[in-house]
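Atoms within each ligand, like the ligands themselves, are counted from 1 in listed order.
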Amino acid sequence: MNRETVIVLDFGGQYNQLVARRVRECNVYCEIYSYKTGIEKIKEMNPRGIILTGGPNSCYEEDSPTYTKELFELGIPVLGLCYGAQLMQHILGGKVERAEVREYGKTEVFVDTTSELFSNVSPTTTCWMSHFDYISQTAPGFRVTAHTADCPVAAAENANLQLYAIQFHPEVLHTKEGTKMLYNFVRSVCGCAGDWKMDSFVEQSVRAIREKVGDGKVLCALSGGVDSSVAAVLLSKAVGDQLTCVFVDQGLLRKNEGDEVEAVFGPEGNYDLNFIRVNAQERFYQKLAGVSEPEAKRKIIGEEFIRVFEEEAKKIGAVDFLVQGTIYPDVVESGLGGESAVIKSHHNVGGLPDYVDFKEIIEPLRDLFKDEVRKAGLELGIPEYLVYRQPFPGPGLGIRIIGEVTAEKVRIVQDADAIYREEIAKAGLDQEINQYFAALTNMRSVGVMGDERTYDYAVALRAVKTIDFMTAEAAEIPFEVLNRVMNRIINEVKGVNRVMYDLTSKPPGTIEFE
Ligand code: XMP
């Protein structure tokens, strides 16, 4: 590795990505590897520091994940967290036992601030604990540097060997001064200079892309979402005219979205891009006519997208490279960040095809976390409102219209959604809610409007708070805001006579309706 890197060895903890993100927040590049990664590979990588994550096992049991003792003899600083801390102690001759009660939640920890790890940390600090096992005896040569009322060894170290063990989780936000501790580890103990910055990322990527592409032609499917926008602008900066961006308006975008994307990336926009907008609305509506099963709709939309893209690629001709907006969590979640030496291309991210006649896939963002993609976007001068967009699914409104999709239903859900988004923004809630939208239910009901009977659709409003989009809670939107949205939708959107707010969390619900 040329880059100054700290590696995280993953022992199955739920916070492994978080550890890497926090390290990167200290401007130190960090990658996650499986604990099965061999010692030789680690030596080859020559990292500046190694962090062992937590995990669900007990280190003294036979089949539990472990590592060779040599890891602690490389002369590379090691920080063990939770399971990682226990494993370090266990391997080096300390003792780990099952406690009578589990220590769980925010806990007051008393730290020895003479430890380099706890430099500038308050002597009594709140940390997040989650463990059954505990270190009852430290390994020879270690000294205890933190404890709690219940836990005699909340941290221990052998500073001479640069080995550090922390029982709690500095990576979670509940540990108030956790980032400071990680900063102390990577910047002071490991001595990293902190050269991982988005401006240098952009610069280095531009150079690498130029080298790879030479004078070849590059194609990018631009959806207007954060990842593809950042990838497109980065590529454009690197290879200018050799890049063509294809934006397919499939008639399932949010209100005015097609024009907004064109305004930014099209000929009148901020970038000098070869931009092709394909208005394929009718084509998609025709394919979707009469289809109401969600997975069938998804499939049709995905396939049709590929067909349109294919046609455009053919028109351009002789495309060498295809750009994909794969980001680091995609790589980690698909298990590619672990052991696999040869990392394969992640073809299906963003539903992109691998059929076009191209030599190679370029994934300029595959090392970045989402927040870093956003930072790179800002660095590249992409407007904030685009960079901080909420996620929008590939099949678009197609999965927010329950049942058959028609142009008329698209109009209804677009108008209702636009009102909803406008009012949420006006109420200043758009930054706290992670995803919110209107969906069109398949339900029609009787209403009364101006003495007339109506028989119209019900719109459902959804708003969720979530970190990872795997689990989510319905957001508590003030009633007055919901009321205003309801009034406006009923008055302004023809075809709607009822508005409902979805309280379901995920699980058991999903975020989208289909
Ligand atoms: P669910 O509905 O599965 O959504 O709770 C979780 C997140 O994924 C997005 N989503 C999709 N994104 N194609 C996509 O590109 C899809 O088919 C799709 N389905 C759901 C959803 O918007 C949410 O952010």
Side-chain angles (χ1 to χ4, degrees), residues 17 220-231 247-255 257 261 284 287-288 291-306 308-309 323-327 329-334 346-354 363 365 369-371 373-374 386-403 405 410 413-414 416-417 420-421 424 430-441 460-475 502-514:
Q17 285 199 30
C220 175
L222 181 63
S223 69
V226 182
D227 302 343
S228 72
S229 300
V230 173
F247 167 60
V248 181
D249 185 342
Q250 48 5 1
L252 302 167
L253 301 170
R254 284 164 288 197
K255 190 172 184 176
E257 193 168 10
V261 172
F284 277 79
K287 288 276 173 189
L288 287 166
V291 182
S292 56
E293 207 278 311
E295 285 315 300
K297 290 199 282 184
R298 267 199 176 77
K299 224 168 148 213
I300 290 171
I301 297 166
E303 259 181 42
E304 204 53 22
F305 176 82
I306 289 174
V308 175
F309 193 71
V323 181
Q324 286 198 183
T326 317
I327 69 173
D330 303 327
V331 177
V332 175
E333 275 153 28
S334 60
H346 200 84
H347 290 265
N348 294 323
V349 172
L352 278 186
D354 58 3
E363 299 175 304
L365 311 177
F369 284 111
K370 193 81 179 184
D371 49 333
V373 173
R374 295 202 158 105
L386 273 183
V387 163
Y388 288 105
R389 289 191 122 182
Q390 54 167 323
F392 186 64
L397 301 180
I399 56 168
R400 290 182 182 172
I401 292 168
I402 297 176
V405 175
V410 169
V413 77
Q414 278 180 337
D417 182 68
Y420 186 34
R421 284 189 288 134
I424 289 285
D430 49 336
Q431 291 307 314
E432 3 176 320
I433 304 174
N434 305 95
Q435 195 169 5
Y436 54 99
F437 55 86
L440 188 61
T441 74
L461 304 177
R462 184 86 166 125
V464 294
K465 287 196 168 186
T466 172
I467 293 174
D468 50 16
F469 295 88
M470 311 284 279
T471 59
E473 298 286 336
D502 182 2
L503 289 176
T504 323
S505 59
K506 173 185 177 176
T510 54
I511 295 176
E512 301 291 348
F513 280 65
E514 287 196 334

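- Remark: the backbone N or O of Pro391 is paired with a side-chain donor or acceptor of Gln435 at under 3.5 angstrom.
- Under the salt bridge (Lys or Arg N to Asp or Glu O under 4.0 Å) criterion, Lys370 pairs with Asp227, sequence neighbours left out.
- The distance from atom CZ of Arg374 to atom CZ of Phe369, rounded to the nearest 0.5 Å, is 14.0 Å.
- Under the rule for a side chain to side chain donor-acceptor pair (under 3.5 Å), Gln431 has no partner lying at least two apart in sequence or in another chain.
- Looking at residues two or more places apart in sequence or on another chain, you find a side chain to side chain donor-acceptor pair (under 3.5 Å) between Glu514 and Lys297.
- Protein residues with a heavy atom under 4.0 Å from ligand 1 are Arg298, Pro391, Pro393, Gly394, Pro395, Ile399, Gln435, Phe469, Lys506, Thr510, Ile511, Glu512.
- When each of Arg400, Arg462, Lys506 is paired with Glu512, the side chain to side chain donor-acceptor pair (under 3.5 Å) condition holds for Arg400 and for no other.
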